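One structure below.
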Amino acid sequence: MTESDRPLWLFGDQLGAHFHQGAREVLLIESENALRRRPYHRQKLHLVLSGMRHLAEELGERATLIRATTYREALAEYGRPVAVHEPGSHAAEDLVRALERDGLVAEVLPTPGFALSRKEFAEWARGRERFLMEDFYRDQRQRFDVLMDAGEPVGGRWNFDADNREPPPKGASRLPVEPPWWPEEDEVDERVRADLDAMGLDTVGRDGPRLFPVTSAEASTALEHFLRHRLAAFGPHEDAILGEDWAMAHSLLSVPLNLGLLQPLDVVRAAERRVGDAPLSSVEGFVRQVLGWREYVWHLYWHFGPEYKRNNGFRARVRLPEWWAELDPGAVRAKCLKSALTGVRDRGWVHHIQRLMVLGNHGLQRGYDPAELSDWFTTSFVDGFPWVMPVNVVGMSQHADGGLMATKPYLSGGAYVNRMSDHCSTCTYDPRKRLGEQACPFTAGYWAWLHGNARELHGNHRMTRALSGLRRLDDIEAVVEQELDREQF
């Protein structure tokens, strides 16, 4: 932490004890301009404000919370130079540097919110042209000695992903697993809700009960509950979707992690201790999400820089349709897409397969602009912060970066959704059909997209089989024409 007695300014995603440990004075700022900058999900704003206000109450006289129009105005009112940790966006970093030049910020500290420092990642990345997550993940495991045994991965394998791709249990509407731990709202939440109502902000999504932790104590309770009661069931059905079970066996810890309430190494060490109580495949899958993917996305955000989001390898220019931007699932007939949009509208959260293989897959097939799509994920998801989404969306989901961090587009037809969910059996569309009134927009969209981008995909060995299948279709021109004219999803 700070080596001097100067006060420490914390952003709204730096709320855990590892951020303010050792600081005698803490400054928290609610900037109205920041809240109004974009149409954020209503529940996302609630979580951030509730977290900041709960921390201010917890710290008591150590904390000062200022509500102002801008951060600069608040710092000027505070009247003393502050220290601050590396923030979570390029825009915030630019702001901090400007405030530093003006004497309002005296010191910029490395963030304690990630296991690997930005300096250490720069050393790892030096000389690399491609940044594969598996390479990074193995280095993380070795560097921090997580799930390792005498220099080798526990269980003899680095990755148990193949064991974690089971479809949902047949005939089940819910997984047979204990429900997640839920927080209880208090007077702070009541005041936050009233203040947000009074501000009249331009938001998306519905207000609703607070579903995620906003204090370190709540986050620790949620983590312990997941590890004790849900981790064992997490792995096998990690990629499955059930319409009546939105949480499945997922940890729901992305929000407290991204609010800075949990230290990632503490999280993976706690999971590591559960080997034996939970299958190794479940523990490894969870560790990979936290120590692998989350850290990887953070560091690539900084390594690639602000221009990364402008990558658009497939020249996708379609603006987000109104029903998508405004979270209107009533305009949608496809069961999988309707369910995912409903989850975003009602909770600001759906799990990673709905993000990647339903929402992202649809966006790729329909040619939505990658930068606009990335911004939508950032503002519409309660765990979506500026550093989170560009690599997830522009790179992985839309494969718009020319293959810098993934070897193929994450593209599928309706068959994948049919295998991994219970949606298709009661859907208007038939995942087996690509032409006609019952043609699944994912199945037809898959072939139409491949046809339109075959030249760009030529030479990608992981797409050879798909392109070979495309060449065998004798109705592809009709499919393309149908999808160009499609108005209903």
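Just so you know, residue 1 is the first one in the sequence shown, and it goes up from there. On a predicted model such as this, the values are computed, not experimentally measured, just so you know.
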Decide whether a cation-pi geometry holds between Lys44 and Phe385; the criteria are a distance under 6.0 Å from NZ or CZ to the six-membered ring centre and an angle within 45° of the ring axis. yes
The side chain to side chain contact (heavy atoms under 4.5 Å, CB included) partners of Glu456 (sequence neighbours excluded) come to Phe314, Arg315, Asn453
Evaluate the side-chain contact (heavy atoms from CB on, under 4.5 Å) criterion for residues Phe136 and Leu116: first the C-alpha distance (whole Å), next the side-chain angles of each, then the deciding distance (0.1 Å), finally the verdict. CA-CA 11 Å; Phe136 175 75; Leu116 190 70; 3.7 Å; yes
For Asp430, salt bridge (Lys or Arg N to Asp or Glu O under 4.0 Å) partners two or more places apart: Arg432
Sequence-distant partners of Glu284, salt bridge (Lys or Arg N to Asp or Glu O under 4.0 Å), two or more places apart: Arg288
Output all residues satisfying side-chain hydrogen bond (donor to acceptor under 3.5 Å, both in side chains) with His46, sequence neighbours left out; order by chain, then residue number. Asp189
Results of side-chain hydrogen bond (donor to acceptor under 3.5 Å, both in side chains) for Gln142 - residues two or more places apart only: none
Identify every side-chain donor-acceptor pair in residues 143-151 under 3.5 Å, counting partners at least two apart or on other chains, and give the distances.
residue : atom : partner : partner atom : Å
Arg143  : NE   : Asp139  : OD2          : 3.3
Arg143  : NH2  : Asp139  : OD2          : 3.0

Quick one: list whatever passes salt bridge (Lys or Arg N to Asp or Glu O under 4.0 Å) with Asp375, sequence neighbours left out. Arg38, Lys309
Can you list the residues that meet the salt bridge (Lys or Arg N to Asp or Glu O under 4.0 Å) rule with Glu93, with sequence neighbours excluded? Arg118
Sequence neighbours excluded, the answer for side chain to side chain contact (heavy atoms under 4.5 Å, CB included) partners of Thr407 is Arg130, Leu132, Arg462
Less than 4.0 Å between a side-chain N and a carboxylate O, is that true for Glu224 and Arg274? yes
Between His303 and Tyr308, does a side-chain hydrogen bond (donor to acceptor under 3.5 Å, both in side chains) hold up when you go through it step by step? CA-CA 9 Å; His303 183 79; Tyr308 177 80; over 6 Å; no
Pro279: what forms a side chain to side chain contact (heavy atoms under 4.5 Å, CB included) with it, not counting sequence neighbours? Ala232, Ser281, Ser282
Output yes when a side-chain donor or acceptor of His423 lies under 3.5 Å from a complementary backbone atom of Ile241, and no otherwise. no
With a 6.0 Å cut-off on ring centres, are Tyr368 and His362 close enough? yes
Does a salt bridge link Glu483 with Arg486, judged by any charged N lying under 4.0 Å from a carboxylate O? yes
Counterpart residues, side-chain hydrogen bond (donor to acceptor under 3.5 Å, both in side chains), relative to Lys408 (two or more places apart): none
Between Phe381 and Arg355, is any pair of side-chain heavy atoms under 4.5 Å apart? yes
I'd like to know if the side chain of Asn258 pairs up with that of Trp387 as donor and acceptor (distance under 3.5 Å, no hydrogens or angles considered). no
Counting distance only, does the side-chain N/O of His237 pair as donor-acceptor with the main-chain N or O of Arg165 below 3.5 Å? no
Please lay out, stage by stage, how Trp302 and His90 fare under the test ring-ring contact (aromatic ring centres under 6.0 Å, His included). CA-CA 8 Å; Trp302 296 106; His90 298 296; 4.9 Å; yes
Residue pair Trp298, Tyr301: steps toward the ring-ring contact (aromatic ring centres under 6.0 Å, His included) verdict: CA-CA 5 Å; Trp298 164 263; Tyr301 174 80; 7.2 Å; no
Can you tell me if Gln43 uses its side chain to pair, donor with acceptor, with the backbone of Asp346 under 3.5 Å? yes
Which residues pass the side-chain hydrogen bond (donor to acceptor under 3.5 Å, both in side chains) test with Arg465, not counting sequence neighbours? none
Would a distance-only check, ignoring hydrogens and angles, find a side-chain to backbone donor-acceptor pair under 3.5 Å from Glu244 to Arg174? no
